[in-house]
Amino acid sequence: KQEVTQIPAALSVPEGENLVLNCSFTDSAIYNLQWFRQDPGKGLTSLLLIQSSQREQTSGRLNASLDKSSGRSTLYIAASQPGDSATYLCAALEMDSSYKLIFGSGTRLLVRP
Amino acid sequence: DGGITQSPKYLFRKEGQNVTLSCEQNLNHDAMYWYRQDPGQGLRLIYYSQIVNDFQKGDIAEGYSVSREKKESFPLTVTSAQKNPTAFYLCASSMGKGKQPQHFGDGTRLSIL
């Protein structure tokens, strides 16, 4: 059964710092790996989607990588800003007919001014 | 503009009462999903539907029911059989049968009176 883990659970950094969020998954048979952002009391916003055949995806200051063989994905945030403060969740899409997303429990990020 | 609308934003349930959470999308997406989120945890799949008039149980379907009579609507009923319904409920949709990014509504917070 697929399990997705995110470390650390919480992270506090000063503004301007580059940072890496980690995501690991136990079963490499996935269609894709997705990163989401969640603001308090809100739904999820899709940030990046990496197909199983890809190694990385970039959007602005965000870069996500995928290493299926080791069961790991990282989200790199460059030059962090206070507006980046949120919870970041990763999710693996199951490679079966269910197309279920299996979520990690998230990393709560605080960027201090 | 297109999106997913969940209502109400807050809902209170009395003992023995069934309550229904609304989810409407105007994105013309085929697939729709219901997730439950507990504090500090990731999302867990309750039910999903890949096509009108068809739906499947997710990982925690007990005590919940759904219907998919229209493409744009996927209401979730929390029945009295769900003994611990207090949580944040999120609805999502995606193109095709699930390989595309999921778009989320802003959620409904359900509490017990």
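Lettering of chains follows the sequences in order, A, B, ..., and the numbering in each one begins at 1. Please read all numbers here as calculations on a predicted model, not as lab measurements.
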Quick one: do [X] and [Y] end up in the same hydrophobic cluster if we chain Ile, Leu, Val, Met, Phe, Trp and Tyr together by side-chain heavy atoms under 4.5 Å apart?
| X | Y | value |
| --- | --- | --- |
| A:Leu48 | A:Leu33 | yes |
| B:Leu11 | B:Phe74 | yes |
| B:Tyr33 | B:Val66 | no |
| A:Trp35 | A:Leu62 | yes |
| A:Phe36 | B:Leu45 | yes |

Measuring from atom [atom1] of [X] to atom [atom2] of [Y], what distance do you get when rounded to the nearest 0.5 angstrom?
| X | Y | atom1 | atom2 | answer |
| --- | --- | --- | --- | --- |
| B:Leu90 | A:Gln38 | CG | CD | 6.5 Å |
| B:His103 | A:Ser46 | NE2 | OG | 7.0 Å |
| B:Gln37 | A:Thr87 | CD | OG1 | 8.0 Å |

Honestly, the part of B:Arg44 sitting under 4.5 Å from a heavy atom of chain A is neither
Examine whether an atom of A:Leu89 lies under 4.5 Å from a heavy atom of chain B, and if so say whether it belongs to the side chain, the backbone or both; otherwise answer neither.
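Looking at A:Leu89, just its side chain touches chain B.
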If you count every heavy atom of other residues, nucleotides or ligands that lies below 6.0 Å from A:Arg55 atom CZ, does the total exceed 12?
no
Are any of the side-chain heavy atoms of B:Tyr35 and A:Leu101 separated by less than 4.5 Å?
yes
Is any side-chain heavy atom of A:Lys1 closer than 4.5 Å to one of B:Asp59?
no
I'd like to know which of B:Leu43, B:Asp106, B:Asp38 tops the heavy-atom pair count under 4.5 Å against chain A.
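The residue among B:Leu43, B:Asp106, B:Asp38 with the greatest pair count is B:Leu43.
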